[in-house]
Amino acid sequence: MQSPLPIFALLFNAFVWGLAWWPFQRMHAAGLHPLWATAAMYCVVLLGLLIARPGLWAQVRQHPQLWLLALASGLNNVAFNWAVTIGDVVRVILLFYLMPAWAVLLAWKILGERPTPAALLRLLLAFAGVVLVLLPADAPASRLLHNLSLADALALLGGFMFALTNVTLRRLHAVPGQARMFVMFGGCMLMALTVGTIGLQVGVVEPFPAPNATWVVTGLLLSGLLMLGNWALQYGAARLAAGTTAVVMLSEVVFASVSSVLLSASELQPRTLLGGSLILCAALLASLRRGR
């Protein structure tokens, strides 16, 4: 009988990311912008990795092609963390999970994998769901982009960058896993610092605040949880089929949706539920295909 521990490990990782919006909002309320929070937390994570694995940096320098992975994973994390801090959590999560649709297009362009009829059906389902989530019932389709908030745009960018991260990981499969993980975390820190600095110059990001107990303690706790979540993801994903992993990880949507509604951080509208169902259906079909 197969051990249930890998499933529980993946559920723990999904739980951490499904509830990550709350500490980010808490730190933001205490004066720390999510970009500075992201940079500070991943600095702590990177220091922890270097202490545990001192030879990681030398290993990374042997693979200069990892720069694209750092860029994609960094922007993915920056966009997601910023979006769930300032936007409706359910709406952000649903738009972020357009990722399987972007993956079809990116795999076609980067890996030369022509989309099958089933893949095109998933694209149609996913984009139809996005239209329902973004477009009010009485608005014409031509006004789709007029209803796009900063949080919506960040969620869409995050999903696209998540898909690019996954495609890039497949392209760099020969690079040692620890080096890829270190570069992904390093990209999160560097992209957060870069985007935060640019945002500070144009006036959309507040300066780094003086330390206070609320965001310092919250940030340290979340850093520890993110490290545990990453370990749990590696443990579970290494012991389960890729399709099973992808299906279990969709539970992040459930954790985020239920917690945000209970804590009054989201409002569930009928069109959002219907559009979200189409997006998740496309993601589930993609997961089942990976399982086969």
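Atom set for the values below is all heavy atoms of this structure, side chains included, hydrogens, waters and symmetry mates excluded.
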Which pair of non-hydrogen atoms, one from Val175 and one from Arg180, has the smallest distance, and what is that distance?
O-NE, 3.1 Å

If you look only at distance, which donor and acceptor atoms sit under 3.5 Å apart when one is on a side chain in residues 45-62 and the other is two or more places apart or in another chain?
none

What distance do Leu71 atom CG and Leu75 atom CG have between them, rounded to the nearest 0.5 Å?
5.0 Å

Can you sort out the partners of Asn76 under side chain to side chain donor-acceptor pair (under 3.5 Å), two or more places apart, ordered by chain and number?
none

Report, one line per pair, each donor and acceptor closer than 3.5 Å where one atom sits in a side chain of residues 154-165; sequence neighbours left out.
unit_1: Thr165; atom_1: OG1; unit_2: Ser73; atom_2: N; d: 3.2
unit_1: Thr165; atom_1: OG1; unit_2: Met161; atom_2: O; d: 2.8

Could you give the distance from OG1 (Thr38) to CG (Asn77), rounded to the nearest 0.5 Å?
5.5 Å

Closest non-hydrogen contact found for Leu125 with Leu278 is O-CB, 3.5 Å

Could I get the full list of side chain to side chain contact (heavy atoms under 4.5 Å, CB included) partners for Ile198, not counting sequence neighbours?
Thr194

CG (Asn81) and CG (Leu222) are apart, to the nearest 0.5 Å, by 8.0 Å

Which residues share a side chain to side chain donor-acceptor pair (under 3.5 Å) with Thr85, sequence neighbours left out:
none

Do any pairs count as a salt bridge (Lys or Arg N to Asp or Glu O under 4.0 Å) and have a residue in residues 149-163, sequence neighbours left out, and if so which ones?
Arg91-Asp152

Looking only at heavy atoms, what is the nearest atom pair of Ala151 and Ile86, with distance?
CB-CG1, 4.0 Å

Starting from Val217 and following side-chain heavy-atom contacts under 4.5 Å between hydrophobic residues (I, L, V, M, F, W, Y), which residues can be reached?
Leu221

Among the clusters formed by ILVMFWY side chains lying less than 4.5 Å apart, do Trp67 and Leu169 turn up in the same one?
yes

Check: Val90 main-chain N/O paired with Ser266 side-chain donor or acceptor under 3.5 Å
yes

With sequence neighbours excluded, tell me which residues meet side chain to side chain contact (heavy atoms under 4.5 Å, CB included) with Asn230.
Met181, Phe185, Gln234

For residues 8-37, which side-chain N or O atoms pair as donor and acceptor with protein atoms under 3.5 Å away, sequence neighbours left out?
unit_1: Trp21; atom_1: NE1; unit_2: Gly18; atom_2: O; d: 3.4
unit_1: Trp21; atom_1: NE1; unit_2: Ser259; atom_2: OG; d: 3.0
unit_1: Gln25; atom_1: NE2; unit_2: Val84; atom_2: O; d: 3.0
unit_1: His33; atom_1: ND1; unit_2: Leu35; atom_2: N; d: 3.0
unit_1: Trp36; atom_1: NE1; unit_2: Glu206; atom_2: O; d: 2.7

Is there a path of hydrophobic side-chain contacts, each under 4.5 Å between heavy atoms, that joins Leu124 and Val133?
no

Shortest non-hydrogen contact from Ala70 to Val183?
CB-CG1, 3.5 Å

For Val258, the other hydrophobic cluster members (4.5 Å side-chain criterion, sorted by chain and number) are Val254, Leu262

Which value, rounded to the nearest 0.5 Å, describes the distance between Thr168 atom OG1 and Leu66 atom CG?
10.0 Å

